[in-house]
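We name chains A, B, ... by the order of the sequence lines, and we start the count at 1 in each one. Given the structure is predicted, the values throughout are model-derived calculations rather than measurements. For the numbers below, each heavy atom of this structure counts, side chains included, while hydrogens, waters and symmetry mates do not.
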Amino acid sequence: GAGVSQSPRYKVAKRGQDVALRCDPISGHVSLFWYQQALGQGPEFLTYFQNEAQLDKSGLPSDRFFAERPEGSVSTLKIQRTQQEDSAVYLCASSLPGQGTYEQYFGPGTRLTVT
Amino acid sequence: GENVEQHPSTLSVQEGDSAVIKCTYSDSASNYFPWYKQELGKGPQLIIDIRSNVGEKKDQRIAVTLNKTAKHFSLHITETQPEDSAVYFCAAKIGRSYIPTFGRGTSLIVHP
């Protein structure tokens, strides 16, 4: 079946612009995660949804970052007034907890470059 | 929170050799330890995982060992092949949390 998809795959934004990154999780997956991956680093947690509820947003670096998942499926990560330090790959992952597994399925990521 | 250290950052081996990547974690409440492989331009993909009630797990050429007392776990790849070349990440997850903490990654290069 289809895996996690993300769009766009690449995004170039000028500093100060707003961007919206989309994640389509695997159908039926309850949990959805957003991560930020800087060059040469591991994924850093941003936020976590269970269905439409945002249960943890402790990793969002500032109030310029906002995520939503209004119908419990597709999610959007929005970054307002982008800064150069926001340049990174943004990864989305989904999982189906409750079946004795914590496996997360990652999308290919969106590479954001802020100029 | 949890802190995961991963070594080495780069590992270069000849095809057919074994490769070992080591991670340590800080929180004794961690109970789930996945390993991910990330190829260029792709998202991480789970290759093997282990839970805290198991000391070792093997899947063909890949094995993971866990030492809870020392709070470290390792990935072992035997008979390496060029297609094993990628960045490998370890991670640790605390208790009932769904959120793993990742190491910084190891770039494995397998020379033909």
Side-chain angles (χ1 to χ4, degrees), chain A residues 2-10 21 23-26 29-51 53-60 67 88-111, chain B residues 1-11 21 23-25 27 29-54 57 59 64 75 86-109:
Chain A
V4 178
S5 61
Q6 293 185 245
S7 60
R9 290 295 314 277
Y10 304 91
L21 313 179
C23 172
D24 284 81
I26 294 173
H29 276 198
V30 168
S31 297
L32 185 145
F33 305 78
W34 283 99
Y35 294 88
Q36 181 189 61
Q37 186 175 27
L39 190 64
Q41 303 292 321
E44 294 275 350
F45 169 75
L46 293 177
T47 187
Y48 161 60
F49 290 85
Q50 191 169 94
N51 295 306
Q54 189 175 21
L55 298 187
D56 191 327
K57 54 181 181 179
S58 62
L60 296 177
V89 174
Y90 290 86
L91 294 166
C92 174
S94 69
S95 70
L96 187 61
Q99 294 185 339
T101 177
Y102 302 105
E103 179 174 358
Q104 295 189 10
Y105 296 82
F106 282 84
T110 294
R111 180 176 296 278
Chain B
E2 176 64 281
N3 182 48
V4 176
E5 300 284 341
Q6 182 172 348
H7 300 279
S9 56
T10 304
L11 180 58
I21 302 170
C23 289
T24 60
Y25 60 99
D27 197 319
S30 290
N31 64 355
Y32 175 67
F33 307 90
W35 286 88
Y36 287 86
K37 176 183 181 181
Q38 187 173 26
E39 297 176 326
L40 200 61
K42 298 183 179 180
Q45 181 180 12
L46 181 75
I47 54 171
I48 195 168
D49 57 12
I50 192 168
R51 296 171 189 266
S52 58
N53 59 347
V54 176
K57 184 176 178 180
D59 182 4
V64 58
L75 177 71
V87 179
Y88 291 80
F89 293 98
C90 64
K93 187 190 72 65
I94 296 173
R96 293 177 180 269
S97 170
Y98 289 113
I99 302 164
T101 299
F102 286 81
R104 295 181 65 170
T106 295
S107 177
L108 174 63
I109 303 165

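Y98(B) places none of its side-chain heavy atoms less than 4.5 Å from the side chain of S95(A). Put simply, the side chain of P34(B) does not reach to within 4.5 Å of the side chain of Q104(A), judged on heavy atoms. Looking at S97(B) and Y48(A), their side chains never come closer than 4.5 Å, going by heavy atoms from C-beta outward.
For Q37(A), the part lying near chain B is the side chain, with the backbone staying farther off; criterion is any non-hydrogen pair under 4.5 Å. Contact of Y105(A) with chain B is not made at all, since no heavy-atom distance falls under 4.5 Å. With a 4.5 Å cut-off on non-hydrogen atoms, Q6(B) does not touch chain A at all. Within the 4.5 angstrom heavy-atom criterion, only side-chain atoms of R9(A), from C-beta onward, approach chain B.
Per-residue heavy-atom pair counts under 4.5 Å with chain A were compared for P100(B), G103(B), G105(B), S107(B), and the maximum is reached by P100(B).
The heavy-atom pair separating G43(B) from L91(A) by the smallest distance is CA-CD2, 4.2 Å.
Interatomic distance, CZ of F89(B) versus CD of Q41(A), reported as 8.5 Å (0.5 Å rounding). The CD1 atom of I99(B) sits 3.5 Å away from the CZ atom of F45(A) when rounded to the nearest 0.5 Å.
Classification of the F102(B)-F106(A) ring pair by plane angle, with boundaries at 30° and 60°, yields perpendicular.
No more than 12 heavy atoms of other residues, nucleotides or ligands shown are found within 6.0 angstrom of CD on Q45(B). In the displayed structure, E44(A) atom CD is contacted under 6.0 Å by at most 12 heavy atoms of other residues, nucleotides or ligands.
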